[in-house]
Amino acid sequence: MEEVRNQQVIFKDYVNGFPKESDMSVTTSATVPLQLPQGSNGVLLKNLYLSCDPYMRGRMTKTEGSYVASFTPGAPITGYGVAKVVESGHSSLKKGDLVWGFTGWQEYSIITAPETLFKIQHTDVPLSYYTGILGMPGMTAYYGFYEIGAPKKGEYVFVSAASGAVGQLVGQFAKLTGCYVVGTAGTKEKVELLKTKFGFDEAFNYKEEPNLDAALKRYFPEGIDIYFENVGGKMLEAVLLNMRVNGRISVCGMISQYNLNQEEGVRNLSCIIMKRLLLKGFIVTDHYNLYPKYIEMVIPLIKEGKICYIEDVVEGLESAPKALVGIFSGKNVGKQVVVVARE
């Protein structure tokens with residue numbers, strides 16, 4: 001029986017304010033056997049790629065009744081990843097299969113509920129894409145834009161945090177639908193990416209705009225039909241003033257609020273009534289039944305070069321804490337991925 005040392009990223013304790021690298025520690029355990037417990041119907045995984053995502057900030061705080069459990073102090077962080085099956089006690093997975101889904105931030109993980117994993121069928125695209133465009137962020141963009149946004153050709157679309165894992169896809173889906181799309185990001189480099197790489201019609205740096213309402217009126221003189229919300233706070237307040245009648249707001253995240261001890265209020269919610277707006281929040285895990293439909297749509301778009309996806313890749317588990325913390329100050333450009341092993 002082979003034994004290995006298992007490097008892990010351990011969550012130390014619950015966090016107030018902005019998370020720090022020191023809230024996590026990278027340790028290497030004593031040797032562990034590459035074997036499932038006797039009679040287990042779980043799977044033993046070798047982790048290949050790990051995903052850094054904004055929702056993970058909420059898991060660093062002790063909360064009750066959330067859609068996803070808080071991290072456990074003293075235990076490895078968990079999150080989305082891509083892995084290879086080393087040993088399986090589950091009938092639908094075998095040794096050598098590639099999967100994506102929830103795993104541990106460590107080199108090897110035992111998953112006791114393997115029915116939550118997705119078996120990877122398409123291996124002629126980068127495996128790391130299953131942390132992004134072919135995984136949770138891709139499904140988030142797909143459901144939020146198409147199912148809630150219900151876009152029609154010629155409509156006006158605004159995307160906040162537009163260069164991130166989800167936003168870059170929403171903008172491209174909007175262009176493929178024949179919409180006019182504007183995105184916002186926090187650096188000149190990201191704004192240029194939106195226009196030159198992702199095909200947004202316009203983009204602006206929200207940090208350079210003293211008046212967000214005026215900025216939106218400049219880019220949307222006729223108003224906004226669909227807003228894909230990733231930010232919240234002052235951005236949402238400005239958007240509500242600029243929505244068109246019967247507009248749709250798909251609420252994916254509110255990253256500007258995650259590190260505040262008290263969230264900011266939005267003072268103009270009456271716009272929802274006056275403009276007959278649909279404002280709907282969603283959790284993507286409720287809609288994974290649509291994953292096969294999404295894959296059928298997006299795989300040809302990737303292979304035909306009609307959609308592109310930018311990743312910000314760091315090497316090694318030891319780089320994971322810095323990568324995770326960095327997404328909350330916008331240090332990543334595109335989807336933040338941690339490489340644990342390349343097979």
Side-chain angles (χ1 to χ4, degrees), residues 49 51-55 80 100 125-149 151 156-207 219 224 226-232 235 239 250-256 282 284 294-295 297-314 323 326-338:
Y49 300 94
S51 176
C52 296
D53 297 298
Y55 81 92
Y80 283 99
W100 73 269
V125 291
L127 279 180
S128 57
Y129 276 17
Y130 288 92
T131 67
I133 185 172
L134 298 178
M136 180 274 287
M139 267 300 300
T140 300
Y142 173 75
Y143 182 84
F145 182 64
Y146 288 108
E147 298 293 323
I148 296 176
Y156 300 95
V157 177
F158 179 50
V159 186
S160 56
S163 68
V166 175
Q168 60 176 287
L169 291 174
V170 175
Q172 292 179 85
F173 292 161
K175 290 307 298 176
L176 289 167
T177 307
C179 297
Y180 171 85
V181 60
V182 176
T184 185
T187 69
K188 181 180 179 181
E189 175 193 19
K190 291 177 181 179
V191 167
E192 284 305 305
L193 268 180
L194 293 177
K195 293 191 285 188
T196 60
K197 190 78 173 177
F198 300 132
F200 283 62
D201 294 290
E202 289 288 352
F204 65 92
N205 183 345
Y206 68 89
K207 294 178 181 177
Y219 289 102
I224 300 165
I226 299 170
Y227 172 45
F228 201 99
E229 168 67 297
N230 286 303
V231 171
M235 185 66 75
V239 166
S250 181
V251 185
C252 160
M254 293 194 174
I255 196 168
S256 73
F282 69 101
V284 69
Y294 170 61
I295 287 295
M297 179 197 87
V298 79
I299 287 283
L301 293 175
I302 295 171
K303 291 183 177 178
E304 293 164 18
K306 292 181 178 177
I307 200 163
C308 69
Y309 199 66
I310 288 184
E311 298 175 312
D312 194 326
V313 179
V314 299
I327 67 173
F328 299 107
S329 55
K331 289 200 165 48
N332 59 303
V333 179
K335 171 64 195 174
Q336 186 67 69
V337 181
V338 177

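Since we're looking at a predicted model, the values are computed, not measured. We use all heavy atoms of the structure for the numbers below, so side chains are in, but hydrogens, waters and symmetry mates are not.
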Chi angles and distances behind the side chain to side chain contact (heavy atoms under 4.5 Å, CB included) call for Cys252, Phe282:
CA-CA 6 Å; Cys252 160; Phe282 69 101; 4.2 Å; yes
Counting only heavy atoms not in Lys195, do more than 12 sit closer than 6.0 Å to its NZ atom?
yes
Give a yes or no on whether Lys188 atom NZ has more than 12 heavy-atom contacts from other residues, nucleotides or ligands under 6.0 Å away.
no
Phe158 vs Phe204 aromatic rings, parallel, tilted or perpendicular, using cut-offs 30° and 60°?
parallel
Using the ring of each side chain (for Trp, its six-membered ring), is Phe173 parallel, tilted or perpendicular to Tyr146, with breaks at 30° and 60°?
tilted
Listed partners of Lys197 passing salt bridge (Lys or Arg N to Asp or Glu O under 4.0 Å), at least two apart
none
Using salt bridge (Lys or Arg N to Asp or Glu O under 4.0 Å) as the criterion, list what pairs up with Lys335, not counting sequence neighbours.
Asp53
Rounded to the nearest 0.5 Å, what separation is found between the [atom1] atom of [X] and the [atom2] atom of [Y]?
X: Leu194; Y: Glu189; atom1: CG; atom2: CD; answer: 10.5 Å
X: Glu311; Y: Ser128; atom1: CD; atom2: OG; answer: 3.5 Å
X: Leu127; Y: Tyr49; atom1: CG; atom2: OH; answer: 5.5 Å
X: Ile307; Y: Ile299; atom1: CD1; atom2: CD1; answer: 11.0 Å

Answer whether the closest heavy-atom distance between the side chains of [X] and [Y] falls below 4.5 Å.
X: Ile302; Y: Leu134; value: yes
X: Tyr227; Y: Ser250; value: no
X: Val337; Y: Tyr129; value: no
X: Val166; Y: Phe228; value: yes
X: Tyr130; Y: Val125; value: yes
X: Ile148; Y: Tyr143; value: yes

Criterion side chain to side chain contact (heavy atoms under 4.5 Å, CB included) on Met235 and Ser256, from CA distance to verdict:
CA-CA 9 Å; Met235 185 66 75; Ser256 73; over 6 Å; no
Heavy-atom closest pair, residues Gln168 and Ile310
OE1-N, 3.0 Å
Determine whether Tyr55 and Met136 satisfy the following criterion, side chain to side chain contact (heavy atoms under 4.5 Å, CB included), listing intermediate values before the conclusion.
CA-CA 11 Å; Tyr55 81 92; Met136 180 274 287; 4.0 Å; yes
Evaluate Tyr309 against Leu169 for side chain to side chain contact (heavy atoms under 4.5 Å, CB included), listing each step before the verdict.
CA-CA 8 Å; Tyr309 199 66; Leu169 291 174; 3.7 Å; yes
